[in-house]
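First comes the structure, then the notes that go with it.
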Amino acid sequence: MDYNFQEIEKKWQKYWSDNKIYKASNQSSKPKFYILDMFPYPSGAGLHVGHPLGYIASDIYARYMMAGGYNVLHPMGFDAYGLPAEQYAIQTGTHPEVTTLKNIERYREQLDKIGFAYDWDREVRTCDPKYYKWTQWTFIKLFHHYYDNNAGKAQPVTRLVEHFQNSGSANIDVRHDAHEPFTAGQWKAMDEQQQQELLMHYRLAFLSDTMVNWCPELGTVLANDEVSEGFSVRGGHPVERKLMRQWSLRITAYADRLLDGLEKVDWSESVKKQQREWIGRSQGASVLFEVEDHPEKIEVFTTRPDTLYGATFMVLAPEHPIVLNITTPQCRGPVREYIETTKKRSERDRMTEVKKITGAFTGSYAINPLNGERMKIYVADYVLAGYGTGAIMAVPAHDSRDFAFAKHFLLPILQVVKRPDEILTDPLEWDDSYDAKEGTLINSGVITGLEVAEAISKIIDYLEENNLGTRRINYRLRDAIFSRQRYWGEPFPVYYKNGIPYTLSEDELPLKLPPVDKFLPTESGEPPLARAENWKTAQGYPLETNTMPGFAGSSGYYLRYMDPQNDEEYFSKDANAYWRNVDIYFGGDEHATGHLIYSRFWNKFLFDLGMTVVEEPFQKMINQGKIQGRTSFVYRITGKNTYVSLGLKEKFSVTPLRVDIGLVQTIAPETYKLDIAGFKKWRSENADAEFILEDGKYLCGSEVEKMSKSYFNSQNPDDLIEKYGADTFRLYEMFLGPLENDKPWDVQGIEGVFRFIRKLWRLFHDEKNQFSVSDQKPEAAELKSIHTAIKHLHDDIERFSFNTGVSAFMICVNELTELKCNKRMVLEDLVKLIAPYAPHIAEELWHQLGHSTSVVHEPFPKFDAAMLREDTFEYPVSINGKLRFKLRLPVDMSKEQAGEIALKDEAAQKWVEGNQVRKIIVVPRKIINIVVG
RNA sequence: GCCCGGAUGGUGGAAUUGGUAGACACGUUGGACUUAAAAUCCAAUGAACAUUGCGUUCGUGCGGGUUCAAUUCCCGCUCCGGGUACCA
């Protein structure tokens, strides 16, 4: 074999590793550049071809920046806590650590084979006590801080205690859960437990009874972003709502800063938008309504206080605490029944039955504070307990849901906003409500005649002046539930004394995950850690048995890379001052509402502590697309062990079954043939299967789905690297198409890239595979070719267009081959150019060229525009915008002259004849267009 | 429902600022080399019409528009993918 990639790649991988070529130093005179990949969860299936897509892109960029003279930090690690290893442990008894370490080892091997420029000395693993010590440490800090709205940052709880001692709960603007106000005297009179309970309403990491997403199948609570449409994102198990005492992080305190920070980062609009919507800030007013014959008042949140005069009834969420208090005896039966049925309805049912209008009248009336009108109070589950106050004022004329509800229950509808040219009609006759925020107020007392925007601000002033309500901002974002009833996660550095949680002291960290006999909850339903022997402090106080969620460890890993071996600190001030934040983060946009929000919160908190110097952790982000798998299907005739080929399946009643794509061969585009012998061997029950063929073949159906081991459609890179080498594999992944696009994986085409790389090799070698370059001065054509490539590659990398980069190489190598170019001056530039994409072959050729140092540190070739200068340009000449012929003209020719020559051309005359020439447009170096008619 | 992407040959895709649509590959077909195969190389390859050649017409999801010129800008639609979902 001429180009022996196996030998070459092994050789240079060893060289890089032995010589620590990719080591990043925390001291350097060079400018820093921090480039980060989202670290993987090492699953049992190993790396599949989707993982390296972003890694290869970031690796190319990292190498390009190294060549550009930057001190590049390009680390990798493992997000090692996760459900799959624990589920496996439950099934087999294998400790999740054993599984995880094995998987990490396999991932590492696979990553190494691709030739990444990682500084492995900085590797972090979230399950390593040296690492999770700092996850626990941050939790302790969160516990001992509260959020001061005035200072706009987190402050130590000790400050808060001081304030309580001096002034009680008054005169302080801090983020907290609702509680009864108290005076300094009352505070001092409280016992330890009462004080601690109050402080819990302020801490940034706090314990509370909250409605959580409980997943019985996984035996744990999940965060909102871990649930999708009523099912767990991992595993797809049903999730229910449950009231539980859980740790949460008060991320809502940072809602505004999380929103504002988005203005400062260079991320895709779609991810920013997803985060904005997830945070869901809305401005409006909170309004207090009296209840007839009851002492209670009901607070509602509305973004449309201008429509207050049009509020004709009120709706409470079934979970609203006041519901049963105000329900009259006559209505108690139906209301109770309604609450019961809504409780039984699963999240799933609620979602699918959105259009169904249900509710029950409580028998009580609220009083509209502006006009004194009586408003029926209903209970209905279209009002959510978790948003706003769990109660709404219903304005059926201007809210479509209220409108539908009013129609259904025959409630009054009163119009209060009029469109500009609207002729007023009876709202009871309307088909839809008028929801838009445009128009003039009518029937609205003090705000009648005003435009909506004006009316909103005026009515809030009015409400505030009369103590009827206040201006208010509301968020959709919930505090992040931080407890998991699982084994495989970070233990909380928390113990309980008389039921009150206290944190361990910092010198007791890390609190290591204890051994347990089984990875299951206890018989009494406590989390697995309750099984651990001696799970208590030295003083005998019981330790917390919950563990932290998956996002705990990943929220600050990028900081630890800056100073990964530090045993004294999370990371040193110096290290952080040097690396600051991540300059470019490569990863999937599916983390928009999870990891990417949590990390930003985590970083902002550490910023408040003065530990990080930049508030936003990830300056720029590139979201690579997902690589989807092509799943193959076979069709089994129902009830028989007979499989029918794709084209004939309509004639039978069949069940489609996924089949391993390793058993399927692409014989033509979109045509897939089953390897019947292999299929019979694949699973024992297939051994005596029968087949109904078409044209002597069994054809499979196919569908594009996410790549997953359970769909039998995942492709791992190992086989391809074995067959073609890592450089070809890297180039091919990039050649597939634009990085950000989702795309189905297809190996058709890798041959072309492999051919290219061998062609590159042959530029440097003769027919006998002898290295052969000439020191002669290159020809103009050769220089033009290489400089075209230099310019292209530079521009392509700058705009993260790696697929066009690969074709630029192909064009250049094709041209140089054509020119039979083996000039050192040209080829050296070519090697440096391709080194980020195909580092192994580049390093080999570089050394063959006689160099003894790595090509990695060679500067990227400089583009010289003079090399591309041409004296003439072949103008496309069009007549009336249609290309008719081409004409080579000197580039410095005047427009007039060029136009004239083009017009006189024989080919032009054919079209011009008998017509009048109206106009000649000449765009230098672009086009000539002759307009006739 | 709402929001965001996208739609270009048989396939993946290119066209960076409105200026030669289909670069670069794959696949297919034909040919060279070879005992043969692999590998390699050469040629053709958007469609239709015309083929004796020069060619001609159409063509970037659909329908309009702006312009000397539109894959690119504007208006209206269709389909596909993704996100989100009673958020008051």
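So you know, we letter chains A, B, ... as the sequences are listed, proteins then strands, and number each from 1.
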So what does A:I921 touch, heavy atoms closer than 4.0 Å: a base, only the sugar-phosphate, or nothing? base
Do you see a donor-acceptor pair shorter than 3.5 Å between the side chains of A:S807 and A:T804? no
Scan A:Y475 against the nucleic acid and name what it touches under 4.0 Å (heavy atoms): base, sugar-phosphate only, or nothing. nothing
Using a cut-off of strictly less than 4.0 Å, decide whether A:K882 has a side-chain nitrogen or oxygen near OP1 or OP2 of B:C58. yes
Roughly how many Å apart are B:A7 and B:U60, using the P atom of each and rounding to a whole number? 13 Å
Would you say the rings of A:Y732 and A:W745 are close, in the sense that their centroids are separated by under 6.0 Å? yes
Name the pairing partner of B:U52, where a pair is Watson-Crick or G-U wobble with both distances under 3.5 Å, or state none. none
Using the P atom as the reference point in each nucleotide, state the distance between B:A70 and B:G64 in Å, no decimals. 15 Å
With P as the reference atom in both, quote the distance from B:U71 to B:A88 in angstrom, rounded to an integer. 42 Å
Euclidean distance, atom NZ of residue A:K886 to atom C1' of B:A21 [Å, nearest integer]: 12 Å
Decide whether a cation-pi geometry holds between A:R758 and A:F754; the criteria are a distance under 6.0 Å from NZ or CZ to the six-membered ring centre and an angle within 45° of the ring axis. yes
Determine which nucleotide pairs with B:G18, using a 3.5 Å limit on both distances of a Watson-Crick or G-U wobble pair. none
Between B:C86, B:U16, B:C26, which nucleotide gets closest to the side-chain atoms of A:R799? B:U16
Whole-angstrom distance between B:G55 and B:U40, as gauged at atom C1': 37 Å
For atom P, what is the distance between B:A50 and B:A43, given to the nearest Å? 29 Å
Would you say a side-chain N or O of A:R472 is under 4.0 Å from OP1 or OP2 of B:A88? no
Tell me which nucleotide among B:U57, B:G27, B:G19 gets nearest to the side chain of A:I927. B:G19
Hey, does A:I811 reach any base, or is it just sugar-phosphate, or nothing, if we go heavy atoms under 4.0 Å? sugar-phosphate
Side chain of A:S807 - closest among B:C24, B:A14, B:C4: B:C24
The answer to which of A:R476 and A:K626 contacts RNA chain B further toward the 5' end, by nearest nucleotide, is A:K626
Protein-nucleotide distance (A:Y434, atom OH; B:A88, atom P), rounded to Å: 17 Å
Between B:A23, B:C4, B:A25, spot the one nearest the side chain of A:K273, thanks. B:C4
With the side chain defined as heavy atoms from C-beta on, A:D796 is closest, among B:C86, B:G12, B:U16, to B:U16
Under 4.0 Å from OP1 or OP2 of B:A25: is there any side-chain N or O of A:N814 that close? yes
Mind telling me whether B:G9 is syn or anti, cutoff 90° either side of 0? syn
Can a side chain N or O of A:R762 be found less than 4.0 Å away from OP1 or OP2 on B:C41? yes
When you measure from the centre of the six-membered ring of A:F313, is the NZ or CZ of A:K376 closer than 6.0 Å and no more than 45° off the axis? no
Tell me the partner of B:C77, counting only Watson-Crick (N1-N3 plus N6-O4 or O6-N4) or G-U wobble (N1-O2 and O6-N3) with both under 3.5 Å; none if nothing fits. B:G61
Between B:A39 atom C1' and A:K723 atom NZ, what is the distance in whole Å? 13 Å
Kindly point out which of B:C68, B:U56, B:A88 is positioned nearest to the side chain of A:R884? B:U56
Pick the P atom in B:U34 and in B:G27, then give their distance to the nearest Å. 25 Å
Figure out the CG/P separation between A:D742 and B:G13, and round it to whole Å. 11 Å
Quick one about A:K759 and A:N814 (side-chain donor to acceptor, distance below 3.5 Å, no hydrogens or angles considered), yes or no? yes
Between C1' on B:G83 and CD on A:Q275, what's the gap in Å once rounded to a whole number? 13 Å
Without decimals, in angstroms, what is the distance between A:Y732 OH and B:A25 P? 14 Å
Pick the P atom in B:A39 and in B:U78, then give their distance to the nearest Å. 49 Å
Donor on one side chain, acceptor on other, A:T358 and A:Y338, under 3.5 Å: yes
Watson-Crick or G-U wobble partner for B:G1, using a 3.5 Å limit on both distances? B:U84
Rounded to whole Å, how long is the line connecting atom NZ of A:K820 with atom C1' of B:C41? 11 Å
Earlier contact from the 5' end, RNA chain B, for A:G737 and A:H792: A:G737
On the side chain of A:K926, is there an atom forming a donor-acceptor pair with the base of B:U20 - under 3.5 Å, no angle test? no
Roughly how many Å is it from CZ in A:F754 to P in B:A38, rounded to a whole number? 16 Å
OP1 or OP2 of B:U40 versus the side-chain N and O atoms of A:R758: is any pair under 4.0 Å? yes
For B:U45, which nucleotide in any strand shown is its Watson-Crick or wobble partner with both distances under 3.5 Å? B:G27
May I ask which nucleotide in the shown strands pairs with B:A38, Watson-Crick or G-U wobble, both distances under 3.5 Å? none
Look at the side-chain N and O atoms of A:N803 and state whether any lies under 4.0 Å from the OP1 or OP2 oxygen of B:A14. yes
Would A:Y724 and A:F729 count as a close aromatic pair, with their ring centres under 6.0 Å? no
Sugar-phosphate only, base, or nothing, as touched by A:S282 at under 4.0 Å among non-hydrogen atoms: sugar-phosphate
Base, sugar-phosphate or nothing for A:V923? Non-hydrogen atoms, less than 4.0 Å. base
Would you measure the distance from the C1' atom in B:G13 across to the matching atom in B:U67 and give it in whole Å? 29 Å
Return the nucleotide paired to B:A70: Watson-Crick means purine N1 to pyrimidine N3 with N6-O4 or O6-N4, wobble means G-U with N1-O2 and O6-N3, both under 3.5 Å. none
Does the side chain of A:T252 pick up a donor-acceptor pair with the side chain of A:D479 at under 3.5 Å? yes
Pick base, sugar-phosphate or nothing for A:P738, based on heavy-atom distances below 4.0 Å to the nucleic acid. sugar-phosphate
Going by distance alone, is a donor N or O of one side chain under 3.5 Å from an acceptor N or O of the other, for A:N769 and A:Y3? no
Quick one: is A:R755 getting a side-chain N or O under 4.0 Å of the B:U40 phosphate, OP1 or OP2? yes
